[in-house]
There are 2 protein chains.
Amino acid sequence: MYRWSLLANSYIYHNNIKKYSVGFSTDLLLTKKYLNLLLLQSFADESNMSNRSQHTIKDIAVALGLSASTVSRALNDHPHISQETKQRVREAVEKLDYRRNALAANLRTSKSNIIGLIVPRISMFFLSSVITAIQNKLHEFGYNLMVCQSNDSQVLEKELVNAMYASRVDGLIVSATLSTEDFSHFDIFSRRNIPLVFFDRIPRNYPAHKIQGDDYQGGYQTTLHLLEQGCRRIAFICGPLTSNLYQDRYAGYQNALKKYAVAVDEQIIFFHELSKGNALKDCDILFAQAPYPDAVFACNDTSAIAVVEHAKAKQIKVPEVLKVAGYSNDPRTQIIDPAITSVEQFPLEVGTQAAALVMDLIQQKTMPGRNFISLTTPVDLVKRTSSGA
Amino acid sequence: MYRWSLLANSYIYHNNIKKYSVGFSTDLLLTKKYLNLLLLQSFADESNMSNRSQHTIKDIAVALGLSASTVSRALNDHPHISQETKQRVREAVEKLDYRRNALAANLRTSKSNIIGLIVPRISMFFLSSVITAIQNKLHEFGYNLMVCQSNDSQVLEKELVNAMYASRVDGLIVSATLSTEDFSHFDIFSRRNIPLVFFDRIPRNYPAHKIQGDDYQGGYQTTLHLLEQGCRRIAFICGPLTSNLYQDRYAGYQNALKKYAVAVDEQIIFFHELSKGNALKDCDILFAQAPYPDAVFACNDTSAIAVVEHAKAKQIKVPEVLKVAGYSNDPRTQIIDPAITSVEQFPLEVGTQAAALVMDLIQQKTMPGRNFISLTTPVDLVKRTSSGA
DNA sequence: ACAGTAACTGCAAACGTTTGCAGAAAAAAC
DNA sequence: GTTTTTTCTGCAAACGTTTGCAGTTACTGT
């Protein structure tokens, strides 16, 4: 094998000399073709048997008597390369099982064809649906997605942002930690003008592109619905007000009450991380003594489900005595009995929009100066049995 | 700024000459320090104001009067570098806001610190839990995860494998498409000796490391449980037998029946993609005419849920008249009424194991010749109301 | 004063692509 | 037959790291 390589090199060198000074005679060409065939064969043999060396563009060039640049261009379908050459390169690639080294290409072009995505948890229904949509959309553009979860930890989030930058992702999509208030670790992306898009949990005062559900409407419509159903004492289980999500939903809740001239009663409003355990504690408080609430509006479905289960355990009839509403339209809300009224957020649309926006930004379609896009996606209240619908 | 750069270069050049021939005088050192300070300042200014150029290791070297190699070593905490130098480098990095270019480093070292993961769907509960576990484990080792979903399409899967290889991931974890029977697109990883681990949906006859739940036991125990509950006509809703999952569960089902000397009745066994729609169709067939089944064992929870809903709609009492069991212990099974008996697969353990295995393989801890590891993780039947427990 | 060792640091060559520029051959225009 | 244009290909320099090797100082012991 090694002999063949050597021969190849010297032959090709000879070739070039000839080429530049005298030109090919027909039988020289024939000889060349024959030799290349042999070469290809032996190269391929090697590639099948050993796993040591991966072939590079240069190997193809040598085997074909071309230069690396020509092979590169052929692979990228550059117009200046003849069809015949392209065909020969394709065949050699096939035979040698050549695989492009994206690392090298990315270094040279300083773009990675990868979009980064950071979410608090991958296993929440809303988020995993968004991810699906993002990935499918990106795939249309030939981009790959690198997903990381911050586990709702600020320090991990920061770490991940840096890792993403180190990998020179071409764009970053983020749903922030609930507690993130300092967004300066994203500065590197803004400064370098790398597309940065927040969705769902977005920063209030940080300049960036943002896509958010219409949480105000979600909170408003749901509360209004409960009011229309006759409820006047609507408990509210809310996430921490550090997050835009809960600020907006809370504002919606308040304004709906105001419309019906119902006073906001802080006694039946809870702010904390939204978990099953916390929701059950809230229920204990709410149903410890009269006056009992006639409805509970929880800001996620896990909490709403907990409320329904508490009610079942305590023989409180839903929806007759207590009406319940959740948020996000998790599949579980349709399965539980009674089915729970919830707010659909259209995760697939959100994901598609986020991905499309990043692609736009990369292709500079969208770039009106330093303006940042702020998109609000609609939500839809899905009325079910739990609210008496 | 440019002036300063030039000055820096020439000064440092001068420096070196001096250094190698005569050595430093004290005030030369002082001058040097002063200059470097100025340099650092101006470099930093530039980095704050403009976003054009990202600083490289070389910039730090120049600013500090060092060579790129020293800076590189300092950053990697190489033992030959003095503490003082490391400290100076750290400060300069801070000041210039230098960010490592992983692309370049990866090219040089030909490892990416990225593990690839290909799954059919990210939004299935089992899979998203596995992903979470994998990512957390990998993070302990300083590795990142690149997640892609094949949407259960073979061609997409193949495409993704190639993309992963192009990015030179250091390892690949895969849950294959339901229909994948030809696994040759994974050859590239085997040949190049890059850790390749299958989990959940694994290839039967393809040599690779495999982690699978104990699907035989899952099928066997569940069927046995239903038999013990008195059922003798147990319908079986199964996925396509191209997949190891369903082969094994089916075998378990059959053997349990055999133990109770119950004949396998093909009339009440269904093989097809497991979706809500298909399960409902099966129900229509099953309950079209007597003899009716006294139990349905569905190979995933979506189908089991569909069965329960069908029964509710048709006023068939579960579990009194019809017992139901599912597979995967999806959160929905605990919420629906009646709660559905299902098989817990311990996704977090599976994910952790998969990640740990890949890390082991990378660090060559595990490599007894050409032996492949085949791990079977235990499952656990969770008995709930739907089966009369 | 000198050899020997230890502690640092620098040189330069990689890693595998892409790409501006220039050059050769072939075709076209004069 | 010469010039111009077109079509194709090669040269060589990047991209930003890492690393074997060699070289320089400083320190140690004699």
Side-chain angles (χ1 to χ4, degrees), chain A residues 12-13 15-24 29 53-62 64-89 93 98-113 165-168, chain B residues 12-13 15-24 29 53-62 64-89 93 98-113 165-168:
Chain A
I12 278 151
Y13 178 64
N15 242 2
N16 288 349
I17 298 289
K18 280 283 189 202
K19 204 168 163 189
Y20 288 129
S21 52
V22 184
F24 284 136
L29 267 172
S53 69
Q54 348 182 1
H55 286 125
T56 73
I57 235 175
K58 191 139 198 169
D59 295 324
I60 299 200
V62 169
L64 248 38
L66 290 172
S67 75
S69 32
T70 301
V71 175
S72 169
R73 278 188 263 252
L75 288 172
N76 294 327
D77 206 28
H78 190 286
H80 281 180
I81 303 295
S82 71
Q83 286 308 317
E84 191 213 336
T85 304
K86 284 180 187 172
Q87 186 54 36
R88 288 177 62 214
V89 168
V93 162
Y98 160 81
R99 307 297 184 116
R100 166 174 208 269
N101 186 329
L103 254 42
N106 293 344
L107 173 60
R108 174 57 221 244
T109 58
S110 58
K111 63 190 291 291
S112 62
N113 263 273
Y165 183 77
S167 297
R168 297 297 189 270
Chain B
I12 279 153
Y13 179 64
N15 243 359
N16 287 348
I17 298 288
K18 279 283 190 203
K19 205 169 164 188
Y20 288 129
S21 53
V22 185
F24 284 135
L29 266 172
S53 70
Q54 350 182 0
H55 286 125
T56 73
I57 235 176
K58 190 137 198 172
D59 294 326
I60 299 200
V62 169
L64 247 38
L66 290 171
S67 75
S69 31
T70 302
V71 174
S72 169
R73 278 188 263 252
L75 288 172
N76 294 327
D77 206 29
H78 191 286
H80 281 180
I81 303 295
S82 70
Q83 286 308 316
E84 191 214 334
T85 303
K86 283 181 185 171
Q87 185 54 36
R88 288 178 62 214
V89 169
V93 162
Y98 160 82
R99 309 296 184 116
R100 167 173 208 271
N101 186 328
L103 254 43
N106 294 344
L107 173 59
R108 175 58 221 246
T109 59
S110 57
K111 63 190 290 291
S112 62
N113 265 273
Y165 182 77
S167 298
R168 296 300 187 269

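Keep in mind that this is a model prediction, so the values were computed, not measured. Every chain is numbered from 1, with letters handed out A, B, ... down the list of sequences.
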Atom [atom1] of [X] to atom [atom2] of [N]: distance rounded to whole Å?
X: I60(A); N: dT9(D); atom1: CD1; atom2: P; value: 15 Å
X: R88(B); N: dT9(C); atom1: CZ; atom2: C1'; value: 12 Å
X: L103(B); N: dG16(C); atom1: CG; atom2: P; value: 15 Å
X: N106(B); N: dT17(C); atom1: CG; atom2: P; value: 15 Å
X: Y98(B); N: dG16(D); atom1: OH; atom2: P; value: 10 Å
X: K111(A); N: dG16(D); atom1: NZ; atom2: P; value: 16 Å
X: L66(A); N: dA25(C); atom1: CG; atom2: C1'; value: 15 Å
X: I81(A); N: dT9(D); atom1: CD1; atom2: C1'; value: 6 Å

Identify each atom pair where a protein N or O and an N or O of nucleotides 13-15 of chain D are less than 3.5 Å apart, giving names and distance.
| unit_1 | atom_1 | unit_2 | atom_2 | d |
| --- | --- | --- | --- | --- |
| dA14(D) | N3 | R108(A) | NH1 | 3.0 |
| dC15(D) | O2 | R108(A) | N | 3.4 |

With a non-hydrogen cut-off below 4.0 angstrom, is R99(A) in contact with a base, only sugar-phosphate, or nothing?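 Sugar-phosphate contact only.
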The test is side-chain contact (heavy atoms from CB on, under 4.5 Å); show your working for L66(B) and V89(B) and say whether it passes. CA-CA 9 Å; L66(B) 290 171; V89(B) 169; 4.2 Å; yes
Looking at dC11(D), does its base get a donor-acceptor pair with the side chain of S69(A) below 3.5 Å?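 Present.
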Where A61(B) and A68(B) come nearest, the two heavy atoms and their spacing: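 The pair with the smallest heavy-atom distance is CB-N, 3.7 Å.
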Considering all heavy atoms of both residues, which atom of S112(A) and which atom of S167(A) are nearest to each other, and what is their separation?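 Scanning both residues, the minimum pair turns out to be CB-O, 4.0 Å.
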Residues in side-chain hydrogen bond (donor to acceptor under 3.5 Å, both in side chains) with R168(B), at least two apart?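 Listed in chain order: Q54(A).
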Would you give the length of the straight line joining atom CD of Q87(A) to atom CD of Q83(A), rounded to the nearest 0.5 angstrom?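 These two atoms lie 8.5 Å from each other.
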Ignoring backbone atoms, establish whether [X] has a side-chain N or O less than 4.0 Å from OP1 or OP2 of [N].
X: S82(B); N: dT9(C); value: yes
X: R100(A); N: dT18(C); value: yes
X: T85(B); N: dT9(C); value: yes

Anything under 3.5 Å between a donor and an acceptor, one on a side chain of residues 98-107 of chain A, the other on a protein residue two or more places apart or in another chain? List them.
| unit_1 | atom_1 | unit_2 | atom_2 | d |
| --- | --- | --- | --- | --- |
| R99(A) | NE | D97(A) | OD1 | 3.0 |
| R99(A) | NH1 | N162(B) | OD1 | 2.9 |
| R99(A) | NH2 | D97(A) | OD1 | 3.3 |
| N101(A) | OD1 | L103(A) | N | 2.9 |
| N101(A) | OD1 | A104(A) | N | 3.2 |
| N106(A) | ND2 | A102(A) | O | 3.1 |

Contacts to DNA chain D from residues 70-80 of chain B, heavy-atom cutoff under 4.0 Å, which residues?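 Contacting residues: S72(B), R73(B), N76(B).
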Distances for protein N or O near nucleotides 26-28 of chain D N or O, under 3.5 Å:
none

Given axes from five pairs at either end, by how many degrees does the helix from dA1(C)-dT30(D) to dC30(C)-dG1(D) bend, rounded to 10°?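 Between the axes fitted at each end of the helix from dA1(C)-dT30(D) to dC30(C)-dG1(D) lies an angle of 50°.
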Under the side chain to side chain contact (heavy atoms under 4.5 Å, CB included) test, residues paired with S110(A) that sit two or more places apart: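 S110(A) satisfies side chain to side chain contact (heavy atoms under 4.5 Å, CB included) with no other residue.
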List in chain and number order the residues that pass side chain to side chain contact (heavy atoms under 4.5 Å, CB included) with T109(B), two or more places apart in sequence or in another chain; answer none if no residue qualifies.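 So T109(B) forms a side chain to side chain contact (heavy atoms under 4.5 Å, CB included) with K111(B).
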Validation: residues 69-80 of chain A side-chain donor-acceptor distances under 3.5 Å, sequence neighbours left out:
| unit_1 | atom_1 | unit_2 | atom_2 | d |
| --- | --- | --- | --- | --- |
| S69(A) | OG | S67(A) | OG | 3.0 |
| T70(A) | OG1 | S67(A) | OG | 3.1 |
| N76(A) | ND2 | S72(A) | O | 3.3 |
| D77(A) | OD1 | K86(A) | NZ | 3.0 |
| H78(A) | ND1 | H80(A) | N | 3.0 |

